[in-house]
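Inspection log for the structure reproduced underneath, given as structure tokens.
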Amino acid sequence: NAGVTQTPKFQVLKTGQSMTLQCAQDMNHNSMYWYRQDPGMGLRLIYYSASEGTTDKGEVPNGYNVSRLNKREFSLRLESAAPSQTSVYFCASSERQSQYFGPGTRLTVT
Amino acid sequence: SQQGEEDPQALSIQEGENATMNCSYKTSINNLQWYRQNSGRGLVHLILIRSNEREKHSGRLRVTLDTSKKSSSLLITASRAADTASYFCATDRQGGSEKLVFGKGMKLTVNP
């Protein structure tokens with residue numbers, strides 16, 4: 001039982017490049033989330049998925065897209081990376097209220 | 001938009017002492033949760049308290065909730081060096097989804 005896994009762990013992109021962050025959970029949870037964490041800002045919700053095939057914008061969705069193709073996986077895509085997207089990205093899943101977090105992806109955009 | 005706000009932002013204590021962290025929030029909630037984050041890791045759920053509860057215990061953790069003051073406190077008793085971490089409160093919205101709004105977090109350092 002791996003919980004929530006994220007790949008990659010680290011990534012460096014140049015401005016304008018695209019990439020997809022992968023997230024998978026093996027707890028059979030319906031809800032999944034993408035957050036970004038910046039120093040002094042806490043966690044901010046980027047996108048949320050209540051169930052397979054549904055997604056909803058969070059607090060900071062601009063510059064991101066998501067895909068929930070099945071119950072296990074929820075991916076986050078940056079179409080044209082910007083330096084302002086330098087951050088640590090966390091995926092989480094939940095059933096009822098408590099959320100379970102992945103180890104994070106540290107992304108640097110130069 | 002931050003819902004929860006932890007106080008103090010940083011706390012440094014000696015091993016064996018108690019640590020108290022406070023959280024204030026703005027809107028009505030169904031429940032409030034506390035999470036811990038060790039350096040370089042993801043958040044780990046510690047405890048959840050519902051809006052109709054006033055106090056809850058889990059091991060060395062004690063959480064209180066005062067909905068009239070829109071505030072909560074997390075007490076860690078007999079702290080250990082391993083408790084060194086950042087702590088976050090998180091709230092949902094009454095009548096809302098499972099989405100949580102996290103505070104900015106507070107850094108606890110327990111010195112051996």
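Just so it is clear: chains get the letters A, B, ... in the order the sequence lines come, proteins before strands, and each one is counted from 1. Every heavy atom of this structure was used, including side-chain atoms; hydrogens, water molecules and symmetry mates were not.
Heavy-atom distances place the side chain of B/L48, and not its backbone, under 4.5 Å from chain A. Within the 4.5 angstrom heavy-atom criterion, only side-chain atoms of A/Q37, from C-beta onward, approach chain B. Heavy atoms of A/Y100 lying under 4.5 Å from chain B are absent altogether. With a 4.5 Å cut-off on non-hydrogen atoms, B/Q9 does not touch chain A at all.
Inspection of the A/S93 and A/Y33 side chains reveals no N or O donor paired with an N or O acceptor under 3.5 Å.
Salt-bridge formation is not detected for the pair A/R68/A/E73: no Lys NZ or Arg NE/NH1/NH2 atom is positioned less than 4.0 Å from an Asp or Glu carboxylate oxygen.
Centroid-to-centroid, the aromatic rings of B/Y35 and B/F102 come within less than 6.0 Å.
Counting heavy atoms from C-beta outward, B/T84 and B/K107 have side chains that approach closer than 4.5 Å.
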